[in-house]
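Inspection log for the structure reproduced underneath, given as structure tokens.
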Amino acid sequence: MFALIAVALVGLAACGEKKSPTEVPEKKAQTETEAVKEKPSEGKEGEAATGDAALSVEMDEMVKTMSIGVDVEGAKPNIRDFAKAICRGFRDYEPNAHMLAYLSDPKKGSKDNEVYVIDESVEKGYISCMLAVEYEISSTVCYWNRSNGHSLVGVWMRETHEGDEVSNAFGFYDYDPAVGELVPDKAVNAAVQKEIKAVKAQDYWITLPKNGKDLELSFYFEEKDNIEKVMKWNGNAFNPAKIVPGLE
């Protein structure tokens, strides 16, 4: 079984110049967004609740296609606002349910209750929640500031199963404060997916940077050396991945 790394991200300083997104969310995505706003999940917000659904191909697809409304509590959004939106949208996944309970009441919630471990840095724009048991599962949310005032928000979810089976889901969103929604960034999602499919590994994971701004892609094989690739942040998105020699 591959070790689980729950890591994450964020360059908070705006970098490089970015063109405004030209794509408009599809009707289906907008409808799903409205549903998230009206009924984010079953149960009361702040309760860790059911959240026992496993990651699936369907959830991986939803993470890449569903727009989600963001409720901003301060003058401008921070990682807690973005993470709450993600957790409401995908609350059936257990780490998200626990993360939402913590974010809804940090004083009452627990960062480490011997089952879940939350690693949070508002300053670095990063939060992750790991279920530290034999078969580890985790969820990580982070964001980068874009030079036009938008943000790029990333989410990475991973679940390991008995028999060395794994399930992964990831998605990247553009956040326009004038709109107030996380809208799937089709270009970034496609670029990352292209890198993953090109390698054809038995397993992979995405390291969202807690320090720095670049994405690290780790690929694992049964009969040959593992591969590490890095996609460098260019101020708007990520450059094509390059192999990093010596990393395993």
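Quick note: residue numbers are just sequence positions, from 1.
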| Is NZ or CZ of K124 both nearer than 6.0 Å to the six-membered ring centre of Y126 and within 45° of the ring axis? |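 Output no; distance or angle outside limits.
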| Aromatic contact, F219 with W205 (centres under 6.0 Å) |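 That pair fails the under 6.0 Å test.
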| task | Just jot down the side-chain hydrogen bond (donor to acceptor under 3.5 Å, both in side chains) partners of K232, sequence neighbours excluded, or say none. | result |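 D214.
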| task | Could you tell me which residues satisfy side-chain hydrogen bond (donor to acceptor under 3.5 Å, both in side chains) with S121, sequence neighbours excluded, listed by chain and number? | result |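 In terms of side-chain hydrogen bond (donor to acceptor under 3.5 Å, both in side chains), with neighbours along the sequence ignored, S121 is linked to no residue.
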Donor-acceptor contact present, side-chain [X] to main-chain [Y], <3.5 Å:
X    : Y    : value
E216 : V230 : no
N168 : R158 : no
Y173 : V63  : yes

| task | Classify the angle between the aromatic ring planes of F170 and Y204 as parallel (below 30°), tilted (30 to 60°) or perpendicular (above 60°). | result |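 If you compare the ring of F170 with that of Y204, the planes turn out perpendicular.
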| task | I would like to know whether N96 and R91 meet side chain to side chain donor-acceptor pair (under 3.5 Å); could you show each step before the answer? | result | CA-CA 5 Å; N96 290 344; R91 191 184 177 203; over 6 Å; no
| Salt bridge or not for D185 and R146, using N-O below 4.0 Å? |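 Result for this pair is yes, salt bridge flagged.
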Give the table of side-chain donor-acceptor pairs shorter than 3.5 Å for residues 71-78, with sequence neighbours excluded, one pair per line with atom names and distance.
unit_1	atom_1	unit_2	atom_2	d
E73	OE2	K84	NZ	2.8
N78	OD1	R80	N	2.9
N78	OD1	D81	N	3.2

| said: Checking Y93 against E159 for the side chain to side chain donor-acceptor pair (under 3.5 Å) test, could you report, in this order, the C-alpha distance in whole Å, the side-chain angles of both residues, the deciding distance, and whether it holds? | reply: CA-CA 10 Å; Y93 186 50; E159 181 173 27; 4.8 Å; no
